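A quick write-up on the structure given underneath.
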Amino acid sequence: MACRNVPGMFLAIVKDDKVVLSEGYGFKNVDTNEAFTSQTPMSIQSTSKFMFTILVARMLTKYPKYTFDTTVKELLGDHLELSDKIAEEMLTIRDCVSMAHGLRFPTTTLIENWYATTKYDRIRNTKHYPVVDELRRGFHYSSDGFLFLDKAFEILENKTIEQILRDELFEPLGMVHSNTIGEARDDESYATGYQPGPNGTLLKTTRNFISRSGSNVGGFGLASTADDLAKYLRFVLREGKLEDGTQHVNPDLIKEVLSPQIFYPLPYNGVADGYSLRPDFPTTSQTLSYGMASWHRYYRGFQLVQHTGSHGGCDTLMTYVPDLKIGIYTGLNGPYTDVSWVAETVIQEYILDVLLELPNYLNDTTACTFPAPWGEPVGLPSYQAIPEDVAPALPLDKYTGVFGKEGFGCVSMTLNRTEDDVEVLQFAIGWGRMFAYPKEGRAHQFWLKGVDDMFHYWYIGGYSAAFIESDGLITEMIVSGSTLKRMPDDNKQLCSFYLTGLNSTENEK
Ligand SMILES: *[C@@H]1O[C@H](CO)[C@@H](O)[C@H](O)[C@H]1NC(C)=O
Ligand SMILES: *[C@@H]1O[C@H](CO)[C@@H](O)[C@H](O)[C@H]1NC(C)=O
Ligand SMILES: *[C@@H]1O[C@H](CO)[C@@H](O)[C@H](O)[C@H]1NC(C)=O
Ligand SMILES: *[C@@H]1O[C@H](CO)[C@@H](O)[C@H](O)[C@H]1NC(C)=O
């Protein structure tokens with residue numbers, strides 16, 4: 001933890017139906033020096049996907065007329081509208097959790113636009129999102145398939161998804177401190193996530209910020225603790241049996257959840273599997289396929305079912321070795337995804353070597369230098385602050401206005417003043433607010449610097465916005481890969497339609 005500048009972490013290890021270890025280490029808050037304990041909840045981010053898939057298996061146990069091959073259309077009816085009408089009819093639960101849906105939903109935080117949309121807005125808006133592939137032809141990572149299942153279960157049970165999670169998973173398993181990250185803003189027991197600040201410092205993300213992306217609970221919105229995750233790892237490895245022996249989830253469904261589903265292309269989105277494919281590395285670990293909300297990998301020849309998660313300074317790694325009844329869960333509250341991924345890999349591979357009774361290939365030195373001496377070291381990144389004194393190509397007020405797109409909503413660009421009373425261009429989407437500073441040597445391009453809850457976006461290379469000019473007038477804005485058009489003056493109703501997918505005569509249902 002010291003050599004990777006990790007503030008705090010949780011660790012849960014299960015083997016052969018026993019909890020080997022369940023602990024918290026370091027600090028959940030470095031300002032107050034509060035300890036990270038085995039009962040400190042932290043956002044588990046994308047590893048929520050696997051936990052939600054276990055909930056899916058529970059719901060299929062409870063409603064046996066449905067299977068992983070039930071279509072989402074059967075569950076959602078008119079609530080499901082996709083731009084690909086064939087996919088709309090054929091999309092199954094299995095496609096949603098194994099990323100075989102062929103849909104590429106907008107993926108970055110800003111455009112996912114949880115600052116302004118509800119999950120129901122988002123479901124209504126999926127009809128605007130492009131289809132990138134035929135159904136089941138390829139792997140396309142996305143969190144949105146989980147929203148369809150979320151809504152389907154809410155209809156089936158006539159309860160909120162939060163209540164369903166409590167009733168069907170957390171209570172029966174005794175996961176007493178697990179909840180959804182929407183609760184982080186009001187819950188002081190949560191671990192604070194840390195991002196890299198200037199000059200090697202740590203910048204905390206607020207609990208309010210963590211809650212802001214809480215609308216997609218199945219995609220990335222669950223929180224848990226070492227003690228609770230140990231119970232959950234055991235439950236999955238016991239193939240769905242509760243402590244009292246009750247078969248809460250059909251064991252065949254758990255086996256299905258742990259099975260590979262779709263070929264995983266490497267490199268994916270330009271990212272290769274990593275260092276350990278090379279013959280000069282002391283071990284091999286390689287990804288072969290994606291299963292249900294998990295990657296299927298081999299480590300030293302043993303099959304792993306793994307998933308990572310990271311956002312807002314909280315990084316997690318979930319690992320099952322189903323054959324050997326091993327489960328490991330780690331979570332760090334900072335400071336950075338690449339570095340924390342390396343730190344978690346080192347910790348988990350060391351633990352795996354111990355549990356597999358293999359000689360440890362890592363020692364105190366290489367644990368800190370990994371992947372060196374065998375591969376290129378991964379150091380803490382050094383970020384540069386966004387310069388605030390670059391002159392814009394046009395006067396700042398030319399970039400003001402409202403810009404929108406269907407399925408996205410509207411961004412409003414206004415002039416504001418900084419705390420030092422300097423005029424600044426301000427970007428706002430829902431409750432998300434950032435200041436826009438011109439990029440050096442790039443006309444009409446701006447770095448976005450977070451304010452309020454987003455203040456940890458302070459560096460070059462994070463979010464940007466660009467504008468299209470025609471005859472001295474700004475006509476379009478490009479943000480997170482989407483092009484938004486300048487809106488006519490009286491734009492309130494249109495922006496609301498763009499955001500919610502509902503026109504003014506429809507009631508929110
Ligand atoms: C439960 O059903 C009622 C009546 O149809 C509806 O108004 C309510 O929104 C439903 N609740 C949930 C959580 O789906
Ligand atoms: C970071 O360190 C550099 C060099 O010591 C210094 O000039 C700069 O002001 C520091 N930045 C911050 C934000 O403290
Ligand atoms: C740690 O492992 C490295 C690489 O295998 C080795 O060169 C080094 O001598 C080891 N250090 C100790 C203290 O054992
Ligand atoms: C202008 O920026 C300040 C921070 O400098 C912020 O407190 C204020 O809410 C902003 N005004 C508007 C209208 O967004």
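Counting starts at 1 for both ligands and their atoms, following the listed order. Since the structure is predicted, the reported quantities are computational estimates derived from the model, not experimental observations. These numbers come from the heavy atoms of this one structure, side chains and all, not from hydrogens, waters or symmetry mates.
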Taking only heavy atoms of Thr366, which atoms of ligand 3 are found under 4.0 Å from at least one of them? 2 (O), 3 (C), 4 (C)
Glu344 with Arg4: basic N within carboxylate O range, under 4.0 Å: no
In plain terms, say whether Lys485 and Glu476 are close enough for a salt bridge, that is, a side-chain N and a carboxylate O under 4.0 Å apart. yes
With under 30° as parallel and over 60° as perpendicular, where do the rings of Phe446 and Tyr399 fit, or are they tilted in between? perpendicular
For a quick check under 3.5 Å, do Ser211 and Glu183 share a side-chain donor-acceptor pair by atom type? no
Using a strict cut-off of 4.0 Å, indicate which atoms of ligand 1 neighbour a heavy atom of Thr160. 13 (C)
For ligand 4, list all ligand N or O to protein N or O distances below 3.5 Å, rounded to 0.1 Å.
{"unit_1": "ligand 4", "atom_1": "2 (O)", "unit_2": "Asn416", "atom_2": "OD1", "d": "3.4"}
{"unit_1": "ligand 4", "atom_1": "2 (O)", "unit_2": "Asn416", "atom_2": "ND2", "d": "2.3"}
{"unit_1": "ligand 4", "atom_1": "5 (O)", "unit_2": "Arg417", "atom_2": "O", "d": "3.3"}
{"unit_1": "ligand 4", "atom_1": "11 (N)", "unit_2": "Asn416", "atom_2": "ND2", "d": "3.0"}
{"unit_1": "ligand 4", "atom_1": "14 (O)", "unit_2": "Gln426", "atom_2": "NE2", "d": "2.9"}

Provide the number and element of each atom of ligand 1 under 4.0 Å from a heavy atom of Glu154. 14 (O)
Ionic contact status for Asp187 with Arg207, cut-off 4.0 Å: no
Angle between ring planes, Phe467 versus Phe403, binned at 30° and 60°: parallel, tilted or perpendicular? perpendicular
Glu157/Lys62 ion pair, N-O < 4.0 Å: yes
Closer than 4.0 Å to some heavy atom of Lys159 - which atoms of ligand 1 meet that? 13 (C)
So, is the end of the Lys449 side chain (NZ or CZ) under 6.0 Å from the ring centre of Trp458 and within 45° of the ring's axis? no
N/O to N/O below 3.5 Å, does that happen between Asn158 and ligand 1? yes
